[in-house]
Number of protein chains: 2
Amino acid sequence: MAEETDRESYHHGDLRDALIQATDAILAERGLEGFTLRGAARRAHVSPAAPAHHFGSSAGLLTEVAILGFQELARHIDIEGPAESPTARLKRQGAGYVRFALAYPGRFQLMFRHDLLLADDARLAAASELAKVPIARTIQALLGRPENAEIDAPASAMILAAWSAVHGFAHLALSGKFSRLTPEARSQHLLDELLPDMLEALWPEPGR
Amino acid sequence: MAEETDRESYHHGDLRDALIQATDAILAERGLEGFTLRGAARRAHVSPAAPAHHFGSSAGLLTEVAILGFQELARHIDIEGPAESPTARLKRQGAGYVRFALAYPGRFQLMFRHDLLLADDARLAAASELAKVPIARTIQALLGRPENAEIDAPASAMILAAWSAVHGFAHLALSGKFSRLTPEARSQHLLDELLPDMLEALWPEPGR
DNA sequence: GCTCAATCTTTACATTGTATAGATTTCGGG
DNA sequence: CCCGAAATCTATACAATGTAAAGATTGAGC
């Protein structure tokens, strides 16, 4: 089975982007386990060694996809909503975090597999931090801090708590630890029942 | 480089257990990325195909190791301690969870990689549930429920919250998301500072 | 228009998981 | 005791993977 390289011109034109798109598509269709560097190259109609020139290695390509993933995650968290209490906002953001993880499990799992990524890539670290910003802002409001106040120790602990709780929930869900339900019904049940209940247990809404 | 199979007798004697031990040792020494089925076979001085007869596949062997991991995790959580408030006990158990993850990262990561395990193995599921029991017991006490009371919805939400928080913390730590510190100092800092602060933010100790 | 660097292919290699078939040993029933 | 069958392990083989090395092709700047 020869590698399909039926292309009109020798040069691809925009191989770098094509490989990133191909990888993202594979993650969506077959999950992280379904990804291989050669598979991505096939999908972009280039030879197995072509990706190396643009990304150095498999980890280089995956790092680019992970960066896009963190940016997309930030967008899922930072959704606009009605005027609401800080705790309600925190819950909506937490739901956004988990909704992203369940909707794009391949992307999400990749983003935290630092054995597959260029661990000390500055842009990756920056993108990762980016996703934390909206949560941090809400926590500050929840603690009654003024806008743009410095993040002190209690606030930082609370941010870590919120992040860990939703991340742990998402990761446990994707690891199959909540799976007594059918796969289709599960996502909705997780988002509509389990997650709100958990968040309510951690940050009770005053008017309840 | 031939596979080393210098053994006095044709049969190994206790290959099944030897392979489990070899795998666990590899996880400890080189992490989960360092594991290969052939490597485990080499370490047990048998041929590459020998494991298949005892475990069917790589996932079969790893599942056995994961089961042991969950049992060991349960032991790390269920440590005896001085008489204390339920919140204090919950924090000690949470610290046990995270301490296990940081001390045995290879094991811990494996336990939640259901792409590497026999996902619907009953014994694995049981071992996984086992680790949740001590936490559930403490939550019941924290909510003022009588001993051996049924777990109602609020309790279940709280258990999920505690589990998710410590699991998320551990997973984020192992994914390198807290890594501004040197690797040696990090574990202690995480366990002595960050984690207690986070748990204190979620379950404040009355006398503080 | 020429040169050179960028881009991509070809080929090759070590390594992996595991399927298949054969060798060796153990063990229980006559 | 012994002998056939089952259990256990080896040998061989194969398709796939990541990527290194060397060669082919193209485009961009002078």
Side-chain angles (χ1 to χ4, degrees), chain A residues 1-23 26-27 30-66 110 113-119, chain B residues 1-23 26-27 30-66 110 113-119:
Chain A
M1 179 186 351
E3 315 282 351
E4 308 170 17
T5 46
D6 313 337
R7 207 179 327 114
E8 62 283 6
S9 61
Y10 191 92
H11 283 359
H12 180 284
D14 194 10
L15 179 56
R16 186 187 156 84
D17 197 62
L19 285 170
I20 291 176
Q21 298 304 325
T23 299
I26 292 172
L27 292 185
R30 290 187 282 216
L32 182 53
E33 313 97 277
F35 167 82
T36 64
L37 184 57
R38 291 178 101 109
R42 274 192 295 269
R43 197 163 181 127
H45 306 292
V46 292
S47 77
H53 192 263
H54 291 276
F55 300 100
S57 69
S58 170
L61 169 55
L62 290 176
T63 297
E64 295 300 324
V65 177
L110 169 66
R113 284 287 300 280
H114 82 311
D115 56 322
L116 299 180
L117 304 173
L118 299 178
Chain B
M1 179 187 345
E3 314 282 351
E4 306 169 19
T5 46
D6 313 337
R7 208 179 327 114
E8 62 284 5
S9 62
Y10 191 91
H11 283 0
H12 181 283
D14 194 11
L15 180 55
R16 185 187 156 85
D17 197 62
L19 285 170
I20 292 176
Q21 297 306 325
T23 299
I26 292 172
L27 292 184
R30 289 187 284 218
L32 182 52
E33 314 97 276
F35 167 82
T36 64
L37 184 58
R38 291 177 101 108
R42 275 192 294 269
R43 198 164 180 127
H45 306 291
V46 292
S47 77
H53 191 264
H54 291 275
F55 300 100
S57 67
S58 169
L61 170 54
L62 290 177
T63 297
E64 295 301 325
V65 177
L110 169 66
R113 284 287 300 280
H114 81 313
D115 58 320
L116 298 181
L117 304 173
L118 299 179

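Keep in mind it's a predicted model, so treat the numbers as computed, not measured.
- Distance CD (E33(B)) to C1' (dG18(D)): 16 Å, rounded to an integer number of Å.
- Remark: P of dT8(D) and CG of L19(B) are 13 Å apart, rounded to the nearest angstrom.
- For residues 49-63 of chain A, proximity to DNA chain C is found at A49(A), A50(A), H53(A), H54(A), defined as any non-hydrogen atom under 4.0 angstrom from a strand atom.
- The base of dT7(C) does not come close enough to the side chain of R16(A) for any donor and acceptor atom to sit less than 3.5 Å apart.
- The side chain of R42(B) has dT16(C) as its nearest neighbour among dT9(C), dT16(C), dT10(D).
- L37(A) has its CG atom 16 Å from the C1' atom of dT16(C), to the nearest Å.
- Listed by first and then second residue, the salt bridge (charged side-chain N to carboxylate O under 4.0 Å, His left out) pairs involving residues 54-64 of chain A are R16(A)-E64(A), E64(A)-R123(A) (not counting sequence neighbours).
- Listed pair S47(A) / dC8(C) fails the phosphate criterion, with no side-chain N or O lying under 4.0 Å from OP1 or OP2.
- A 4.5 Å side-chain heavy-atom check between L117(A) and L110(A) finds at least one atom pair inside the cut-off.
- The CZ atom of R38(A) sits 15 Å away from the P atom of dA14(C) (whole-angstrom rounding).
- As rounded to whole Å, 17 Å separates atom P of dT15(C) from atom CZ of F35(B).
- L15(A) places its CG atom 8 Å from the P atom of dT9(C), with the value rounded to the nearest Å.
- Nearest heavy atom pair, residue A44(B) against residue A18(B), reads CB-CB, 4.4 Å.
- A 4.5 Å side-chain heavy-atom check between F55(B) and L37(B) finds every atom pair outside the cut-off.
- Note on residues 45-63 of chain B: no pairs pass salt bridge (charged side-chain N to carboxylate O under 4.0 Å, His left out), not counting sequence neighbours.
- Side-chain contact between E33(B) and R113(A) is absent, with no heavy-atom pair separated by less than 4.5 Å.
- Nucleotide dC8(C) holds its P atom 14 Å from the NE2 atom of H45(A), rounded to whole Å.
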